[in-house]
Visitor: 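Next up is a structure, given as structure tokens.
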Amino acid sequence: MKLVSVKILNNDGFRSLNPNENYTFGVSSLQPGQLTTKIFAGINGSGKSNFLELLSEIFYFLEIYHLPGTPEEEKAHKGIGFEIEYLISLPVDFLEGHYKAAAADKYIQVRIAKPMGEKPEFSIKRLEDDEYTIRVDNDTARLLPARIIAYTSGQNELLSNAYHKLKYHYFQNYQQNKAADHETDRHRMIFLDTCINSSVFIANILLAESNKLNYLLKILGIENLHSFRITINLTDESNKPIEYPGYILNHIENLKQCATTWVERTIRKRKFYIIDYWINDATKDAFRYYFKTSFELFKVFYDLETFNLSLQNKKERERILKVSNTFNFADDLPKNNPFRLPFRIENIQVQKQSKENHPKK
């Protein structure tokens, strides 16, 4: 995705950002796969963080809009109004429904307009066209960027609100579709925080492409991953079985197939798997067979980690979903007993690069 413009369609603006002002961006490259970096520079308080938060809130709304089970009144959210335009490359099968001749390697310009209290309207045009002549009413989720990844290293914790709330929506969606035997992509928006550091590390070091893996090992100053453990609880706080969807259970079985050893334990009605991995070429081959790529493995970890929200009671989860986007609730999220988490990665050991004439550690 290459951002073209954003406009706030309400009377109050968004925090320090003015309403009805069109914020435009240049596009320096139109080659798919190449980055067009946007840099925000300005003094403290000039609105840099606010703009990133605005983008997060816009795509948060659009993700909720497309989630199964979202109430109709939520799809016409009264608290947000915007217009956003961006360039994106779309699959040929989608484009052929709108253009006689279509090529997947060409960018299409997307406009999403959502006035206050109304549902969004989706339109597309080719770069050579002056006006948006085609409105898209079906399969509009395919017009959204595939991934939106956020990270903050300062005190901009409001940025994380949309991503934390979305995880609660994802979990609610799991609960409403317990019998689902197929997987829905719930990984469009991901916030990189300490909860998923281990998942990112393990997935990359097991399945990253060789050039990326070598770079990672060099940066971290290690030779390889030595071993790690995954613990999966099968019962909740009340010792009732956790109802994982069928495809999640399949992923768990595949994780067991890749293991060096695994065991099912029962302690005071609490049931859980302990799955241990000692890393060698065969271990990596097994992960590659069952999970293909590092991102596919990460998605499995991410889905399992979402079930850690089951430790929170229903009222607490509903409260988070209703929190205002102006309230910083990241520090107020419940801290759970790590030993009762449905999913955790632990006991990670790496082989440290040794100095000359020194043994490995």
Side-chain angles (χ1 to χ4, degrees), residues 1 3-23 25 47 49-86 88 109-124 132 135-150 152 156-174 176 184-191 306 317-330:
M1 182 191 83
L3 189 61
V4 174
S5 67
V6 180
K7 182 188 289 186
I8 304 167
L9 300 181
N10 61 37
N11 295 326
D12 301 320
F14 184 85
R15 302 191 184 123
S16 67
L17 303 176
N18 297 324
N20 302 310
E21 182 172 336
N22 199 32
Y23 298 92
F25 300 88
S49 297
N50 289 170
F51 198 90
L52 295 174
E53 291 156 14
L54 171 64
L55 286 175
S56 295
E57 290 294 333
I58 287 173
F59 285 111
Y60 165 75
F61 166 79
L62 291 171
E63 184 71 356
I64 298 303
Y65 179 84
H66 289 97
L67 273 183
T70 299
E72 288 300 310
E73 59 270 22
E74 279 296 306
K75 294 186 177 184
H77 197 301
K78 295 180 180 179
I80 187 169
F82 63 86
E83 181 179 292
I84 186 169
E85 297 184 68
Y86 52 83
I88 194 168
Q109 189 155 326
V110 175
R111 180 179 67 191
I112 306 172
K114 191 234 170 276
M116 292 285 286
E118 299 181 25
K119 293 183 179 180
E121 291 186 0
F122 300 80
S123 305
I124 61 173
Y132 287 93
R135 174 171 166 170
V136 181
D137 294 314
N138 300 312
D139 215 8
T140 52
R142 298 179 75 180
L143 296 177
L144 302 181
R147 307 285 171 238
I148 299 167
I149 312 296
T152 176
N156 305 13
E157 282 304 325
L158 280 173
L159 180 68
S160 68
N161 275 12
Y163 303 86
H164 286 309
K165 287 172 69 175
L166 189 56
K167 187 171 283 190
Y168 280 77
H169 279 285
Y170 287 159
F171 181 74
Q172 185 181 66
N173 200 245
Y174 284 127
Q176 293 169 349
T184 302
D185 192 349
R186 297 178 178 86
H187 315 93
R188 191 185 313 279
M189 297 180 66
I190 297 173
F191 186 74
T306 301
R317 296 197 298 266
E318 290 175 347
R319 184 184 72 84
I320 294 296
L321 289 175
K322 296 176 181 177
V323 168
S324 166
N325 61 11
T326 61
F327 177 70
N328 179 8
F329 64 85

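When a residue number appears, it is its place in the shown sequence, counting from 1. These figures come from a predicted structure and were not determined experimentally.
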Visitor: Closest approach of Leu143 and Ile88, non-hydrogen atoms and distance?
Guide: O-CD1, 3.7 Å
Visitor: Side-chain contact, heavy-atom cut-off 4.5 Å: Arg15 with Leu158?
Guide: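 They are in side-chain contact.
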Visitor: When you measure from the side chain of Arg188 to the backbone of Pro145, do you find a donor-acceptor pair of N or O atoms at a distance under 3.5 Å?
Guide: yes
Visitor: Which is it for Leu144 and Tyr86 under the side chain to side chain contact (heavy atoms under 4.5 Å, CB included) test, yes or no, and what are the steps along the way?
Guide: CA-CA 10 Å; Leu144 302 181; Tyr86 52 83; 3.8 Å; yes
Visitor: Answer yes or no: is there a side-chain heavy-atom contact under 4.5 Å between Glu63 and Tyr170?
Guide: yes
Visitor: Hey, can you tell me if Phe61 and Phe82 have their rings parallel, tilted or perpendicular (30° and 60° cut-offs)?
Guide: perpendicular
Visitor: Taking all heavy atoms of Ala162 and all of Glu57, pick out the closest pair and write down the distance.
Guide: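 Taking Ala162 first and Glu57 second, the nearest heavy atoms are CB-OE2, 4.0 Å.
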Visitor: With sequence neighbours excluded, tell me which residues meet salt bridge (Lys or Arg N to Asp or Glu O under 4.0 Å) with Lys119.
Guide: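 Partners of Lys119 by the salt bridge (Lys or Arg N to Asp or Glu O under 4.0 Å) criterion, ordered by chain and then number, come out as Glu72.
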Visitor: Compare every heavy atom of Glu83 with every heavy atom of Glu85, then report the nearest pair and how far apart it is.
Guide: OE2-OE2, 3.9 Å
Visitor: Nearest 0.5 Å, what's the CG-CG distance between Asp12 and Leu17?
Guide: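 So the gap between those two atoms works out to 12.5 Å.
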Visitor: Specify the closest pair of heavy atoms between Ala150 and Leu159, including all atoms of both residues, with the distance to one decimal.
Guide: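 Smallest interatomic distance, heavy atoms only, reads CB-CD2, 4.5 Å.
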Visitor: Measure across Met116 and Gly81 and return the closest heavy-atom pair with its distance rounded to 0.1 Å.
Guide: SD-N, 3.4 Å
Visitor: Side-chain contact, heavy-atom cut-off 4.5 Å: Leu9 with Asn20?
Guide: yes
Visitor: Which value, rounded to the nearest 0.5 Å, describes the distance between His66 atom NE2 and Asp139 atom CG?
Guide: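 Going from the NE2 atom of His66 to the CG atom of Asp139 covers 8.5 Å.
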Visitor: Can you check whether Tyr163 reaches Ile149 side chain to side chain, under 4.5 Å on heavy atoms?
Guide: no
Visitor: Could you check whether atom CG of Asp137 has more than 12 heavy atoms from other residues, nucleotides or ligands sitting under 6.0 Å from it?
Guide: yes
Visitor: Give me the atom names and distance for the closest heavy-atom approach of Pro120 to Ile112.
Guide: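 Looks like CB-CG2, 4.0 Å.
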Visitor: Quick one: CZ on Arg317 to NZ on Lys167, what's the gap to the nearest 0.5 Å?
Guide: 14.0 Å
Visitor: Tell me, do Ile84 and Phe59 make a side-chain contact under 4.5 Å, heavy atoms counted?
Guide: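 Yes. Closest side-chain heavy atoms under 4.5 Å.
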Visitor: Looking at Asn50 and Ser16, would you say the former's side chain and the latter's main chain have a donor-acceptor pair under 3.5 Å?
Guide: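 Looks like yes, one N/O pair under 3.5 Å.
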Visitor: If you measure only the distance, is there a donor-acceptor pair under 3.5 Å linking the side chains of Glu121 and Tyr132?
Guide: no
Visitor: Is there side-chain contact between Leu166 and Ile64, with at least one heavy-atom pair below 4.5 Å?
Guide: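 Yes, at least one pair of side-chain atoms sits under 4.5 Å.
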Visitor: Between atom CE of Met1 and atom CD1 of Ile148, what is the distance when rounded to the nearest 0.5 Å?
Guide: 6.5 Å
Visitor: Using the side chain to side chain contact (heavy atoms under 4.5 Å, CB included) rule, take Phe14 and Ile80 through it: C-alpha gap first, then chi angles, then the decisive distance, then the call.
Guide: CA-CA 9 Å; Phe14 184 85; Ile80 187 169; over 6 Å; no
Visitor: So do Leu3 and Leu55 actually touch side chain to side chain, heavy atoms under 4.5 Å?
Guide: yes
Visitor: Take Leu54 and Tyr23 through the test side chain to side chain contact (heavy atoms under 4.5 Å, CB included) and record every step on the way to the result.
Guide: CA-CA 12 Å; Leu54 171 64; Tyr23 298 92; 5.7 Å; no
Visitor: If you round to the nearest 0.5 Å, how far is NZ of Lys165 from CE of Met189?
Guide: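 So the gap between those two atoms works out to 11.0 Å.
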Visitor: Determine whether Thr140 and Leu62 make a side-chain contact, defined as any pair of heavy atoms from C-beta on separated by less than 4.5 Å.
Guide: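 They are not in contact (no side-chain heavy atoms under 4.5 Å apart), so the answer is no.
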